[in-house]
Amino acid sequence: MKDFPAIDRKWQKYWAENKTFKADNHSDKPKMYVLDMFPYPSGAGLHVGHPLGYIASDIYARYKRHLGYNVLHPMGYDSFGLPAEQYAVQTGQHPAITTEQNIRRYREQMDRIGLSFDWDREIRTSDLKYYKWTQWIFLQLFKHWYNKKTDRAEPIEKLIEIFEREGNAGVEAHANEDTPVFTAEQWRRMSEKEKNEMLLKYRLTYLAETEVNWCPALGTVLANDEVVNGVSERGGHPVYKKKMRQWIMRITAYAERLHRDLDKLQWSDSLKEMQRNWIGRSEGAMITFPLKNFDDNIEVFTTRPDTLFGVTFMVLAPEHPLVEKITAPGRREQVEKYVEAAKRKSELERMAESKEKTGEFTGAYVLHPFTGKEIPVWISDYVLAGYGTGAIMAVPAGDQRDWEFARAMNIPIINIFEEQDIEKGANENKDAVLINSDFLNGLQAKEAIPRMIAELEKRKLGKRKIQYKLRDAVFSRQRYWGEPFPMYYKDGVPYPIPEKHLPLELPEVEDYKPTPDGRPPLGNARIWAWDEANEKVVDKALIDHKTVFPLELNTMPGWAGSSWYFNRYMDPWNDREPFSQEAVNYWRKVDLYFGGSEHATGHLIYSRFWQKFLYDIGLVPEPEYSVKLINQGMILGTSAFAHRVEGTNTFVSAGLKDQYKTHPVHVDVNMVDEHNALDIEAFRNWRDDLKNAEFITEDDGKFYVTREVEKMSKSKFNVVNPDDIVEQYGADTLRLYEMFLGPIQIAKPWNTAGLKGVYNFVKKFRKLYYDDQGRFRLTDREPDADELRILHGTIRKVRTDIENFDYNTAISAMMIAVNELTARKTDKRAILEPLIVLIAPFAPHLAEELWELAGHQPSVCRAPYPEWDEKYLQSATKEYPVSFNGKMRFKITLPADASKDEIEQAVLAHERTAKYLGGKQPRKIIVVPGRIVNIVV
RNA sequence: GCUCGGGUGGCGGAAUUGGUAGACGCGUUGGACUUAAAAUCCAAUGGGCAGUAAUGCCCGUGCGGGUUCAAGUCCCGCCCCGAGUACCA
């Protein structure tokens, strides 16, 4: 018998040479698209946690191939990214080289696990042939606008036509807030520059001076999902608000559809909920408050228009554009000081101080739209500039934050709720009955809100409004290692490079750092200007020339390439379009997507947005590319700790540590055995400072460590490398064990000791096919009823479990079957051959080996799963509901072909029946043809 | 704080959605084989009580109530853990 690693190598080589997993774009078989989120190839390589999702999807893909599907199961690399660039800054090595090395390592590790990818379709986002089309899609976004009337993206030419015909008054678009109204005549009189600037306010990707998350340490802006708790997700550096001219994606145009279509998705509740929260849809009203002594109004958004009569003050965000204009001369100094201070604070500081409410009175007043009463206008940083209008109507009786502010600033509070004590806090309960509220008196929020909105709309004081938390996504990064924007600037206005000249290739630079004057790294590129007349990239020294213009210096963010890659896999060789209509109409969408939930508010929302855009412009046939998604949970590390006696170089074993004052030290898990005993010699040699360490051992002379579950990471010395496992036990054992650990959706700790169980199973499984002399042997004898029951019961269980991704219980079922068949010394082909196919998705290497030994063509891909169903139907078990006097009481499980007598006997024997009848004999037991058992008492 | 998950042996986890709780695996204990160890195989393994024994009984799914012939599963009220989010008006 060959050892397992030898079998692995044999079949991995076979699959690669025969392109066993090549998917065809033309097939009569039903199609199945199984996709993993592609990885960023980092320098550290894969640890045992990474392949979890790949193994899970691989099992599904292989299983579906057995069932006769044409399976598309591709893999690639999200290969633009920060680490390669940071490495380049330090060493001067081109990021492409680092990336190439890392990819090679990833590929090697994936191959060793026996993953059935169609490598002919491999894509890399940093590949010229790929990012050509990322740039192309960017240009399409630039060339489209969002028409609210048709609720979809439309070509910008159509908008220009409308402008020329009738101006923009009748246009309902998702456009910038500050877009002025103009007539057709005004439009025609605009200069080219003015026209372009106007159109920019409508385009789905636009250039705008906006407040962005600026991270000085990384030298770049960050999208909202890249800022976590006020610091950068990568590196944890402080993040500040800063105004910059940036490319922005108008994702808010799709907010409603992104929200609405979540209902169509078979994602986990938590994932959908995360996206819902991120989109943050809330229904309410826009209300206009006229300013006293000014021509302007203050507009606010509120979800509680019913509390309008409780307003006692207004609050503007410090950044609100009206602040400067309306501040009274006597208040100017304090207000300016407050605004300055707010600007200087980092996100983190602003959050840290969130407990205490601060603010300043502007000296201005608005008039209450119904009562006409004067209401003071304040500024405070508890109102966010980026949400709603950046201004609120404050109702201290109904909103806790307003209540706190009112208390802090000594502003009066009007109670507008019946029988509610608002001495200690606001009443946010919507069931409270309104008082002091004119025509709303006596109503609850449920009726009062629509009443108030109707009244506001009637009097033209406000209107119904749906507000989203989702903001337009900043798309510019001040980095080198990303897709260049195919844009150049003429007269300060952006122009696209003609599509036929794509890709705009990333230029060489001498230095990957930003330029000395603070421009992005592409500022270091010499050949980086666009010659409009000759339509080519030229030396930027020529920029003085009339037809040569500067190119964009920013690059696209990491999520650009990952927002459409799933479509590219369908037709990755295409160099005339991103993918052919034929291919995309055949594969349509991803049938099953595997990935981590950490992408909920990043990749998974941006890619849905791009898919909807591509759908609008007729490039893809589905508005959602991934209806079914499985989130695999993380595999955690089990860290080991030795306990050092404080102030000494003496370590004390776990059982004795309570007798000393100690602190824990991470120990490399590879130096600890499965009983938690430490290899003291290895530990001493691990680091210089441990050479002379002393050890207080336990009575058995051993030194024990303590264990704790943490994230798997190099710095915690708890990383387990899949290569080591594969080398020792074979790939099949690793695959089975990762799946056996628990449900794939749940985070669970890795424990190498448990491997033994599945390794035994793999060995036992193989042993079934060999006689006592170690010869492969299958006989053609007829199987008996027991053997058939075991086989088909297992087939049923494993099949339903795979369909539900309950791989751990599927493996349990196979373990039971193998134990039972071993006990019976089964050697029949009719039983053991189907079993090979059953285990093949989990343990493909062993399955191939046995399948070949059994005399079949290699590659179990064409094994006849469906044929077995009939046999299964004959021998499977069924559930029989049992009722007492017609009322259903319980169910018994028996073979599907059980006779009437057998069922009667089973019911009588059933312990619970006897219990329920209290020892009485049933008058009669009726077994009805519909397989319902009725007991007449 | 809010939202969504989840609490089952020493451990990872099962339980066909209201029907014999603890499948399967690890670990542990005992046994077989062996000069010995490893490997392998067999048996036991939630807790308690009674019995020489086969076996029988009681208690047990975070806590307290409830519905039901029957609750890990459903309802009400708590406690704890995890994830996301954070002054979103």
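Chain A is the first sequence line, chain B the second, and so forth, proteins listed ahead of strands; every chain is numbered from 1.
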Student: Considering only side-chain heavy atoms of Ile746(A), which listed nucleotide, A89(B), G13(B), C26(B), is closest?
Tutor: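 Given the options A89(B), G13(B), C26(B), the side chain of Ile746(A) is closest to G13(B).
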Student: Using the C1' atom on both, measure G64(B) against U28(B) and round to a whole Å.
Tutor: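 So the two C1' atoms sit 35 Å from each other.
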Student: Could you tell me whether the phosphate oxygens of U40(B), OP1 or OP2, come under 4.0 Å of any side-chain nitrogen or oxygen in Lys767(A)?
Tutor: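 Checking Lys767(A) against U40(B): no side-chain N or O falls below 4.0 Å of OP1 or OP2.
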Student: Send over the distance from Ile279(A) CD1 to U3(B) C1', rounded to a whole Å.
Tutor: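 Result: 15 Å.
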Student: Taking atom P in both A53(B) and C63(B), compute the distance separating them and give it to the nearest angstrom.
Tutor: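 Going atom to atom, P in each nucleotide, I get 33 Å.
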Student: Which is it for U67(B), anti or syn, if anything within 90° of zero counts as syn?
Tutor: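 With its glycosidic angle more than 90° from zero, U67(B) counts as anti.
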Student: Can you identify which nucleotide, out of C24(B), G13(B), A83(B), has its nearest atom closest to the Ser812(A) side chain?
Tutor: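 Between C24(B), G13(B), A83(B), the one nearest the side chain of Ser812(A) would be C24(B).
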Student: How many Å lie between CG on Leu384(A) and C1' on U85(B), as a whole number?
Tutor: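 In whole Å, U85(B) C1' and Leu384(A) CG are 14 Å from each other.
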Student: Using a strict threshold of under 4.0 Å (side-chain N to carboxylate O), is an ion pair present between Arg464(A) and Glu283(A)?
Tutor: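 A salt bridge links Glu283(A) with Arg464(A).
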Student: Output the rounded distance in Å from CG (Leu636(A)) to P (G82(B)).
Tutor: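 That distance rounds to 12 Å.
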Student: Could you check how far NZ of Lys825(A) sits from P of C41(B), rounded to whole Å?
Tutor: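 The answer, rounded to whole Å, is 12 Å.
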Student: Are Phe740(A) and Tyr807(A) an aromatic pair, judged by ring center distance below 6.0 Å?
Tutor: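 No.
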Student: Check whether any side-chain N or O of Tyr387(A) sits under 4.0 Å from OP1 or OP2 of A89(B), and answer yes or no.
Tutor: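 Checking Tyr387(A) against A89(B): at least one side-chain N or O falls below 4.0 Å of OP1 or OP2.
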Student: If you look at every strand shown and take non-hydrogen atoms under 4.0 Å, does Asn819(A) touch a base, only sugar-phosphate, or nothing?
Tutor: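 It contacts sugar-phosphate atoms only.
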Student: With sequence neighbours left out, what residues match Asn718(A) under side-chain hydrogen bond (donor to acceptor under 3.5 Å, both in side chains)?
Tutor: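 Asn718(A) satisfies side-chain hydrogen bond (donor to acceptor under 3.5 Å, both in side chains) with Ser639(A) once adjacent residues are dropped.
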Student: Is it true that Gln275(A) and Arg608(A) share a donor-acceptor pair across their side chains at a distance under 3.5 Å?
Tutor: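 The criterion, which ignores hydrogens and geometry beyond distance, is satisfied for Gln275(A) and Arg608(A).
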Student: Taking CG from Asp806(A) and C1' from U17(B), how many angstroms apart are they, rounded to a whole number?
Tutor: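 Taking atom C1' of U17(B) as the reference, CG of Asp806(A) is at 13 Å.
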Student: Using 30° and 60° as the class limits, which term best fits the ring planes of Phe405(A) and Tyr382(A): parallel, tilted or perpendicular?
Tutor: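 Tilted.
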Student: Which residue lies toward the 5' end of RNA chain B, Gly388(A) or Pro743(A), if each is placed at its nearest nucleotide?
Tutor: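 Its nucleotide being nearer the 5' end, the pick is Pro743(A).
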Student: Scan Lys797(A) against the nucleic acid and name what it touches under 4.0 Å (heavy atoms): base, sugar-phosphate only, or nothing.
Tutor: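 Here Lys797(A) touches no strand at all.
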Student: Rounded to whole angstrom, note down the P distance from G47(B) over to G10(B).
Tutor: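 The answer is 8 Å between these two P atoms.
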Student: Between Arg407(A) and Glu404(A), does any NZ, NE, NH1 or NH2 come within less than 4.0 Å of an OD or OE carboxylate oxygen?
Tutor: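 Looking at Arg407(A) together with Glu404(A), the answer is no, because their closest N to O distance does not fall below 4.0 Å.
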Student: Using the P atom on both, measure G46(B) against U85(B) and round to a whole Å.
Tutor: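 To the nearest whole Å, 43 Å.
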Student: For Lys272(A), report the nucleic acid contact type (base, sugar-phosphate, nothing); a contact means any heavy atom under 4.0 Å.
Tutor: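 No contact at all - Lys272(A) keeps every heavy atom at 4.0 Å or more from the nucleic acid.
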Student: Choose from C26(B), A89(B), A14(B) the nucleotide whose nearest atom is closest to any side-chain atom of Ile392(A).
Tutor: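 Nearest listed nucleotide: A89(B).
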Student: Output all residues satisfying ring pair (Phe, Tyr, Trp, His ring centres under 6.0 Å) with Phe289(A), sequence neighbours left out; order by chain, then residue number.
Tutor: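 Here no residue qualifies.
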Student: Can you work out whether Ile816(A) or Thr303(A) has the more 5'-proximal nearest nucleotide on RNA chain B?
Tutor: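 Counting from the 5' end, the first nearest nucleotide belongs to Ile816(A).
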Student: Return the nearest nucleotide to the side chain of Asp399(A); candidates are U85(B), G13(B), A89(B).
Tutor: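 The answer is A89(B), which lies nearest to the side chain.
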Student: With rounding to whole Å, what would you report as the distance between U16(B) and A36(B) at their P atoms?
Tutor: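 Taking atom P in both U16(B) and A36(B), they lie 48 Å apart.
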Student: Looking only at atom C1', what distance separates C33(B) and A38(B), rounded to whole Å?
Tutor: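 Approximately 13 Å lies between the C1' atom of C33(B) and that of A38(B).
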Student: Rounded to the Å, how far apart are Met739(A) CE and A14(B) P?
Tutor: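 From Met739(A) CE to A14(B) P: 14 Å.
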Student: Which residue pairs satisfy the side-chain hydrogen bond (donor to acceptor under 3.5 Å, both in side chains) criterion with at least one member in residues 301-314 of chain A, sequence neighbours excluded?
Tutor: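 Every side-chain hydrogen bond (donor to acceptor under 3.5 Å, both in side chains) pair that includes a residue of residues 301-314 of chain A, provided the two are not neighbours, is Arg304(A)-Asp306(A).
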Student: Taking atom P in both A14(B) and C24(B), what distance in whole Å separates the two?
Tutor: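 After rounding to an integer number of Å, I get 14 Å for this pair.
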Student: Report the distance from atom NE2 of His320(A) to atom C1' of A89(B), rounded to the nearest whole Å.
Tutor: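 So the NE2-C1' distance, His320(A) to A89(B), works out to 13 Å.
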Student: OP1 or OP2 of A89(B) sitting under 4.0 Å from any side-chain N/O of Ser282(A)?
Tutor: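 Checking Ser282(A) against A89(B): at least one side-chain N or O falls below 4.0 Å of OP1 or OP2.
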Student: For residues 756-765 of chain A, which residue pairs qualify under side-chain hydrogen bond (donor to acceptor under 3.5 Å, both in side chains), counting only residues two or more places apart or in two chains?
Tutor: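 Residue pairs with at least one partner in residues 756-765 of chain A: Lys764(A)-Asn819(A).
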Student: What's the CD-P distance between Gln728(A) and A38(B), to the nearest Å?
Tutor: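 Taking CD of Gln728(A) and P of A38(B), I get 17 Å after rounding.
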Student: Side chain of Lys764(A) only, please: which of G13(B), C41(B), A89(B) is the nearest?
Tutor: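 Output: C41(B).
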Student: Run the ring pair (Phe, Tyr, Trp, His ring centres under 6.0 Å) test against Phe309(A) and tell me which residues pass, sequence neighbours left out.
Tutor: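 Ring pair (Phe, Tyr, Trp, His ring centres under 6.0 Å) check on Phe309(A) returns His368(A), Phe370(A), Phe439(A).
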Student: Mind checking ring pair (Phe, Tyr, Trp, His ring centres under 6.0 Å) for Tyr737(A) and listing every partner two or more places apart, or none if nothing turns up?
Tutor: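 Listed in chain order: Trp750(A).
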Student: Using the purine O4'-C1'-N9-C4 or pyrimidine O4'-C1'-N1-C2 torsion, is G9(B) syn (within 90° of 0) or anti?
Tutor: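 What G9(B) shows is a syn base, its glycosidic angle lying within 90° of 0.
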Student: Between Phe4(A) and Tyr729(A), does the ring pair (Phe, Tyr, Trp, His ring centres under 6.0 Å) criterion hold? Intermediate values first, please.
Tutor: CA-CA 7 Å; Phe4(A) 292 111; Tyr729(A) 301 97; 9.6 Å; no
Student: If a pair means Watson-Crick or G-U wobble with both distances below 3.5 Å, what does RNA chain B look like in dot-bracket form, with | marking bases paired to a different strand?
Tutor: (((((((..(((......[....)))((((((.......))))))(((((....)))))..(((((..]....))))))))))))....
Student: Looking only at side-chain atoms of Lys357(A), point me to the closest of C24(B), C26(B), C87(B).
Tutor: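 From the listed options, C87(B) comes nearest.
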Student: List in chain and number order the residues that pass ring pair (Phe, Tyr, Trp, His ring centres under 6.0 Å) with Tyr468(A), two or more places apart in sequence or in another chain; answer none if no residue qualifies.
Tutor: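 Scan of Tyr468(A) (ring pair (Phe, Tyr, Trp, His ring centres under 6.0 Å), adjacent residues dropped) gives none.
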Student: Which listed nucleotide (A23(B), C87(B), A89(B)) is nearest to the side chain of Asp381(A)?
Tutor: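 Out of A23(B), C87(B), A89(B), the nucleotide with an atom closest to Asp381(A)'s side chain is C87(B).
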Student: Describe the nucleic acid contact of Asn808(A) in one word from base, sugar-phosphate, nothing, applying a heavy-atom distance below 4.0 Å.
Tutor: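 Sugar-phosphate only.
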Student: Of all the choices, C24(B), C87(B), U3(B), which nucleotide is nearest to the side chain of Met815(A) once you look at every atom?
Tutor: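 Looking only at side-chain atoms, Met815(A) lies closest to C24(B).
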Student: What's the gap between U3(B) and U8(B) when it is taken at their C1' atoms, as a whole Å value?
Tutor: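 The answer is 26 Å between these two C1' atoms.
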Student: For nucleotides 4-12 of chain B, print each protein N/O atom paired with a nucleotide N/O atom at under 3.5 Å, atom names and distance only.
Tutor:
unit_1 : atom_1 : unit_2    : atom_2 : d
G12(B) : O2'    : Leu741(A) : O      : 2.6

